[in-house]
Amino acid sequence: MLNVPPQAFPAPSSQQRVAAGGRAKVPLKPGRSLMDWIRLTKSGKDFTGLKGRLIEVTEDELAKHNKKEDCWICIRGFVYNVTPYMEYHPGGEDELMKAAGADGTDLFDQVHRWVNYESMLKECLVGRMAVKPIAAPKGMLPEKKVLGASAKDLTPSYDWFQTDSLITIVIYTKQKDMNAELVIVDCQDKRLRGEIIVDDNSYLVELDLDHAVQEDLAVNIAEKVGKVEIILKKKDNIHWKMLGQPLESHSTFIKCMDRGLFYRKCKLVSKTEVTHDTKLFCLMLPKSTHLRVPIGHHVYLKQIIAGTEVVKPYTPVLPFLSLDFKEPSRHDGIHIYLMIKIYSCGLFTQALDHLHIGDYISVSNPEGSFKKSQVQTSEDLFLLAAGTGFTPMVKLLNFALTEVRCLRTVKLIFFNKTEDDILWRNQLEQLALADERFEVQFILSQPTKDWVGKQGKISSSLLSEFVKRSRKESKVLICICGPTPFTEQGVQYLKVLGYYQEEIHTFTA
Ligand code: FAD
Ligand code: NAD
């Protein structure tokens with residue numbers, strides 16, 4: 001593997017990547033948007049000069065193509081000529097050049113492994129890297145596929161049994177405190193995929209089933225002993241000789257980061273207005289899917305726009321805010337609610353807005369680093385949200401107020417441009433009346449002259465006014481989400497005010 005310095009690739013703020021990491025967005029020339037790139041790739045132009053042929057590329061050959069006007073980059077063994085894409089890269093040419101003539105896989109993965117470069121750059125594909133024989137000890141598996149020897153004993157295992165009408169797959173996770181959020185099951189046609197999350201690792205049962213099953217499946221979790229049962233209903237009451245044919249990733253136990261994103265098609269069941277530009281989309285999971293999105297985690301939506309797969313992250317919310325709304329008891333596990341701002345020139349959100357009720361959209365497995373325990377061990381919780389950066393705060397707020405007794409204060413400091421932009425203002429005010437621990441403060445950056453509340457953008461003085469420990473030594477958690485500069489400035493100011501990194505959580509992709 002070639003050694004490339006760990007920098008961002010593709011660059012931050014790209015249409016594909018957006019708010020993570022916090023590097024500057026480079027203004028693109030007119031006519032250089034993602035849509036323009038998609039159009040160009042459809043023009044039939046020869047982007048590689050190879051007239052559609054694919055070649056084997058050696059490391060030496062790759063290294064020669066390291067200039068802007070002749071730039072090849074290798075991602076996961078495939079080499080792309082990215083020169084034609086340079087001007088369209090929202091993070092700028094310099095970011096792309098960091099991997100010029102080299103292997104950019106690690107850089108790419110560090111920033112956004114979910115970007116569908118295969119689709120975006122398919123016309124730029126030069127070929128595959130020539131494989132160098134590696135002298136590995138006999139019997140050794142590729143590094144990515146297996147965790148260290150000590151982890152071996154912790155590898156989950158599975159078994160199965162059947163009755164006349166049911167197939168039960170039992171997964172022994174060897175993990176106490178299993179819960180529904182750690183089990184993701186999909187069964188599409190005869191293909192079964194059951195993923196178990198154990199810390200940062202993922203165990204997969206992936207099979208082409210021996211016979212057809214009915215659409216609905218059930219998942220039972222024995223939390224204390226870590227046993228997970230996936231119960232499938234046979235379509236025909238016949239005896240199965242085997243469970244099925246293992247697929248490529250079957251029975252692997254690898255880092256979650258190394259597991260590709262898996263998508264299932266969800267039906268759009270409703271679309272309701274929240275503000276003048278933001279809507280609440282309700283998506284229904286297929287009956288053959290078991291999936292729960294943990295607090296503060298996001299999913300990726302995928303749409304084909306002008307023939308190209310485009311992927312963007314969104315953070316599920318609840319259908320409304322209320323102290324009576326308790327997850328998981330009243331959360332049905334079938335619907336995913338997304339609060340999405342429709343940008344007038346937004347590639348993805350415009351396409352989303354054009355979906356009709358009953359249309360389908362691909363939704364990925366959840367991702368994210370937030371852990372409930374961060375709240376459970378805090379006494380004061382501060383939520384700093386800007387615009388749709390409010391979305392991760394919704395479930396978090398609900399959880400904090402309904403399930404975390406040790407919290408003394410829960411304060412939402414909500415930054416918006418105008419009064420019309422405030423999401424769920426009424427519900428937030430009701431919540432503040434219903435629970436005396438909760439307080440909400442709206443701060444507007446572009447208020448009308450009638451606004452009597454606080455004004456401005458995030459600043460040290462605003463934060464010192466609103467973020468305060470309730471006791472000298474109290475344990476605080478401060479969560480921040482919004483546009484990248486907002487999040488970055490927030491972290492900086494908080495550190496100057498004496499808060500520790502461990503007390504701050506930023507939501508990014
Ligand atoms: P693009 O085509 O990328 O951009 C077109 C124009 O829209 C830009 O020029 C700009 O004017 C405006 N615009 C686009 N993106 C942004 C932005 N991020 N900030 C400010 N202006 C922008 N969005 C939600 O509405 N709800 C969510 O729950 C949500 N969750 C997210 C979770 C994560 C982890 C991250 C990283 C982002 C999240 N986003 C969310 C943002 C979302 O992923 C998209 O960036 C957004 O929907 C715009 O996509 P687009 O293709 O329509 O816009
Ligand atoms: P917006 O443009 O309406 O701005 C809302 C407020 O953010 C402004 O009033 C201002 O106070 C603040 N703000 C905006 N730009 C700023 C800047 N440069 N410096 C300091 N403060 C600034 O916001 P929006 O259009 O709703 O965008 C919301 C952002 O939140 C998007 O960038 C989106 O990607 C991000 N987001 C991230 C996640 C996540 O989990 N990481 C989830 C949802 C949204």
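Position 1 is the first residue of the sequence, and the numbers go up from there. One-based numbering, in listed order, for ligands and for the atoms of each.
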Are Asp421 and ligand 2 in contact, using a heavy-atom cut-off of under 4.0 Å? no

Under 4.0 Å from one or more heavy atoms of Asn416, ligand 2 contributes atoms 9 (O)

Whether Thr289 side chain and Leu291 backbone form a donor-acceptor pair below 3.5 Å: no

Rounded to the nearest 0.5 Å, the CD atom of Gln175 sits from the CD atom of Glu223 at a distance of 12.0 Å

N/O of Thr349 under 3.5 Å from N/O of ligand 1, yes or no? yes

Going by the closest heavy atom to atom 11 (O) of ligand 2, which one wins out of Phe486, Phe507, Phe415? Phe415

Give a yes or no on whether the backbone of Cys187 and the side-chain of Ser288 come within a donor-acceptor separation of less than 3.5 Å. yes

Using a 4.0 Å cut-off to any heavy atom of Thr391, which atoms of ligand 2 qualify? 42 (C), 43 (C)

Which of the numbered atoms in ligand 2 are under 4.0 angstrom from any heavy atom belonging to Thr315? 40 (O), 42 (C)

Return the option from Phe390, Tyr343, Phe486 holding the heavy atom at the smallest distance from atom 19 (N) of ligand 1. Tyr343

Thr391 N/O under 3.5 Å from ligand 1 N/O: yes

Sub-3.5 Å N/O-N/O distance, Lys457 and ligand 2: no

Within reach of ligand 1, part of Met339 (heavy-atom separation under 4.0 Å): backbone

What do you reckon, does Leu338 put a non-hydrogen atom under 4.0 Å from ligand 1? no

Is it true that Asp199 and Lys255 have a side-chain N and a carboxylate O under 4.0 angstrom from each other? no

Which option, Glu367, Gln350, Lys312, Lys279, owns the non-hydrogen atom nearest atom 3 (O) of ligand 1? Lys312

Angle class for the His298/Tyr300 ring planes (parallel below 30°, perpendicular above 60°, tilted otherwise)? perpendicular

Any heavy atom of Tyr343 closer to ligand 2 than 4.0 angstrom? yes

Would you say Thr487's side chain and Cys481's backbone share a donor-acceptor pair under 3.5 angstrom? no

Quick check: does any side chain N or O of Glu429 sit under 3.5 Å from a backbone N or O of Asn426, one acting as donor and the other as acceptor? no

Nearest to atom 2 (O) of ligand 2 by heavy atom, Lys417, Glu488, Gln489: which? Lys417

Any heavy atom of Cys345 sitting closer than 4.0 Å to ligand 1? yes

Check whether any N or O atom of Phe348, backbone or side chain, sits under 3.5 Å from an N or O atom of ligand 1, and answer yes or no. yes

Any carboxylate oxygen within less than 4.0 angstrom of a Lys/Arg side-chain nitrogen, looking at Arg408 and Glu379? yes

Number the atoms of ligand 2 from 1 as they appear, then name those within less than 4.0 Å of a heavy atom of Pro485, with their elements. 17 (C), 18 (N), 19 (N)

One thing to verify: whether Arg425 and Glu419 come together as a salt bridge, which I'm taking to mean a side-chain N less than 4.0 angstrom from a carboxylate O. yes

Decide yes or no on salt bridge (Lys or Arg N to Asp or Glu O under 4.0 Å) for Glu465 and Lys454, but give the supporting numbers first. CA-CA 11 Å; Glu465 188 178 342; Lys454 283 276 167 193; 3.1 Å; yes

Any N/O pair Thr484/ligand 2 closer than 3.5 Å: no

My understanding is that only residues two or more places apart in sequence, or in another chain, count here; which of them pass ring pair (Phe, Tyr, Trp, His ring centres under 6.0 Å) with Trp37? Phe47, Tyr85, Tyr88

Checking contacts here: is it the side chain or the backbone of Lys341 that comes within 4.0 Å of ligand 2, counting heavy atoms only? Could be both or neither. side chain

Between Arg191 and Glu206, does any side-chain N to carboxylate O distance fall below 4.0 Å? yes

Check ligand 2 against Thr508 and write out every atom of the ligand that is under 4.0 Å from a heavy-atom position of the residue. 41 (N)

Contact between His298 and ligand 2, counting heavy atoms under 4.0 Å? no

Going by heavy-atom distance to atom 38 (C) of ligand 2, choose the closest among Cys481, Gly296, Ser445, Gly389. Cys481

Listed once per pair and sorted, the ring-ring contact (aromatic ring centres under 6.0 Å, His included) pairs that draw on residues 418-452, sequence neighbours left out: none

